[in-house]
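One structure below.
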Amino acid sequence: MNIDEKTNLCGSIAIKQSNLGSVMHNTAYGSLGVNFLYMPFTVSDCENAVKGIRALNIRGSSVSMPYKQEVIKYLDKLDPIAKEIGAVNTIVNDNGVLTGFNSDWIGAMEALKEVSKLENKKVIMIGAGGAARAIAYGLKINKAETTIFNRTKEKARYLAKEFHLKYGGGINEIKKVNDYDILINATSVGFVPDEKDSVLSLDEIKENKIVMDVVINPMITPFLSYAQKKNCKIISGYRMLIYQALFQIEKYSGKKTKFKVLEKALLEELK
Ligand code: ATR
């Protein structure tokens, strides 16, 4: 790879970084043969990081925890969907004009649609944080019949109301529900270093459902391994991650890349 004065620098801003974004983006740019480079930045000051994006003319940046909401006030424009979700995970810099997008919801919907249609499906989602908001938006526009549960009940109630979805209650109340097609963990439970935890126990997961986890690392969380034991079809969070990255790569470089190209690189990294 040639790095020179024409290289388009892209990046990611987060309080804690992993190699996953870098692996996907740099693999894609290499395979597309474009002069792009992706660099993860560990950032403790979101406002100054956005000033850095402007000053260095960084072409695009992912935004991760905990800046997806805060970053909005430092941008020039906001895509209407990102506005409705209330979170930005993608910044595009067009000649100094910074626009915020959300590709998390796209990633989640693409991953779900690989295994099921969504219209009129009964979905149970656990969580009411940033990831849950993006998924709630996607489920709403795909006309799924969604019920939201969360540890802090008030947050679930509020999110359900905002997106015209149903409120289910606290996590304990899920075991009373039998009649659903898709179960989604949109909480951070199960993420390294808490990789031994699951938001539901084996007994609380019903047989023969579709079960998705937003957690990326480990690829098979305890939640998903319980679901496998219950003969469920599972969707690992890494598939969402790839689909949302495909959107970003196209926004930054104007070029489409293939799911399989990113999957191969990512699975190598997650091994
Ligand atoms: P993210 O952007 O990853 O969604 P977040 O906005 O901090 O992160 O939201 C984290 C979600 O995980 C919330 O739904 C949170 O529940 P609360 O609203 O009750 O805090 C959920 N969560 C985190 N740790 C949890 C735990 N140990 N048990 C149950 N839910 C948990």
Side-chain angles (χ1 to χ4, degrees), residues 12-18 20-21 43 46 61-72 81-82 84-91 100-109 111-112 123-140 146-163 165-175 177 183-205 211-218 221-224 226-227 235-241 243-245:
S12 147
I13 57 173
I15 200 135
K16 196 164 167 272
Q17 284 289 359
S18 78
L20 304 180
V43 161
C46 181
S61 178
S62 309
V63 183
S64 293
M65 287 244 293
Y67 303 126
K68 290 183 184 185
Q69 283 160 303
E70 183 192 345
V71 78
I72 291 174
I81 296 174
E84 190 168 345
I85 293 170
V88 160
N89 76 320
T90 305
I91 302 171
F101 295 89
N102 188 302
S103 67
D104 286 333
W105 78 277
I106 298 172
M109 293 307 112
L112 278 167
V123 180
I124 286 194
M125 180 169 75
I126 314 169
R133 291 185 64 83
I135 297 173
Y137 172 82
L139 292 170
K140 182 190 77 166
T146 306
T147 310
I148 301 174
F149 296 76
N150 192 47
R151 177 177 64 179
T152 310
K153 293 183 188 179
E154 262 324 294
K155 280 169 70 182
R157 206 193 302 270
Y158 185 79
L159 179 59
K161 193 166 170 221
E162 214 182 329
F163 287 95
L165 303 171
K166 287 186 205 145
Y167 163 69
I171 295 171
N172 270 341
E173 280 145 283
I174 294 174
K175 52 178 174 283
V177 189
L183 170 67
I184 301 171
N185 173 39
T187 77
S188 47
V189 180
F191 190 53
V192 174
D194 302 317
E195 68 266 35
K196 291 195 173 61
D197 296 337
S198 170
V199 73
L200 294 182
S201 66
L202 179 65
D203 293 343
E204 288 167 328
I205 298 176
V211 178
M212 180 163 96
D213 201 334
V214 300
V215 173
I216 293 149
N217 192 8
T221 56
F223 178 72
L224 290 181
Y226 294 159
I235 307 169
S236 171
Y238 85 85
R239 303 194 81 78
M240 288 175 46
L241 186 73
Y243 282 115
Q244 68 78 30

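Order of listing sets the numbers, starting from 1, for every ligand and every atom in it.
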Using atom types as modelled and distance alone, determine if a side-chain donor or acceptor of Q17 lies under 3.5 Å from a backbone N or O of S12.
yes

Distance-only, no hydrogens or angles: does the S198 side chain make a donor-acceptor pair with backbone N or O of S201 under 3.5 Å?
no

What atoms in ligand 1 come closer than 4.0 Å to a heavy atom of I171?
29 (C)

Only heavy atoms of S188, strictly under 4.0 Å: list the atoms of ligand 1 that pass.
12 (O), 23 (C)

Ranked by distance from atom 27 (N) of ligand 1, the top protein heavy atom is R151 NH1, 3.3 Å

Full working for side-chain contact (heavy atoms from CB on, under 4.5 Å) between V177 and T147
CA-CA 10 Å; V177 189; T147 310; over 6 Å; no

Is atom 9 (O) of ligand 1 touching the protein, meaning some protein heavy atom lies under 4.0 Å away?
yes

Is V199 close to ligand 1, meaning an N/O of one under 3.5 Å from an N/O of the other?
no

Any idea which protein heavy atom is nearest atom 21 (C) of ligand 1, and the distance to it?
T187 CB, 3.5 Å

Among non-hydrogen protein atoms, atom 7 (O) of ligand 1 lies closest to M65 SD, 4.8 Å

Please work out, at 4.0 Å between heavy atoms, whether the side chain, the backbone, both, or neither of N150 comes within that distance of ligand 1.
side chain

Side chain to side chain, Y243 and L112, heavy atoms closer than 4.5 Å
no

Ligand-side contact atoms (ligand 1) for residue partner G127, heavy atom cut-off under 4.0 Å:
14 (O)

Closer than 3.5 angstrom, by distance alone: can the side chain of N89 be matched with the main-chain N or O of S103 as a donor-acceptor pair?
yes

Give me the atom names and distance for the closest heavy-atom approach of N102 to A87.
ND2-O, 3.0 Å

Is there a donor-acceptor contact under 3.5 Å from the side chain of Y67 to the main chain of V43?
yes

What do we get for K155 next to ligand 1 when only non-hydrogen atoms under 4.0 Å count, side chain, backbone, both or neither?
side chain

Among all protein heavy atoms, pick out the one at the shortest distance from atom 19 (O) of ligand 1; state its residue, atom name and that distance to 0.1 Å.
T152 OG1, 2.5 Å

At a 4.0 Å threshold, what atoms of ligand 1 neighbour a non-hydrogen atom of A131?
1 (P), 2 (O), 4 (O)

Tell me which part of V189 gets within contact of ligand 1: side chain, backbone, both or neither, using heavy atoms under 4.0 Å.
side chain

Run the side-chain contact (heavy atoms from CB on, under 4.5 Å) test on I184 and I235 for me, step by step, so that the C-alpha distance in whole Å, both residues' side-chain angles and the decisive distance to 0.1 Å come before the verdict.
CA-CA 9 Å; I184 301 171; I235 307 169; over 6 Å; no

Taking all non-hydrogen atoms of both residues, which atom of K155 and which atom of N150 are closest, and how far apart?
CB-ND2, 3.7 Å

Of all the non-hydrogen atoms in the protein, which one sits nearest to atom 6 (O) of ligand 1, and at what distance?
G130 N, 3.0 Å

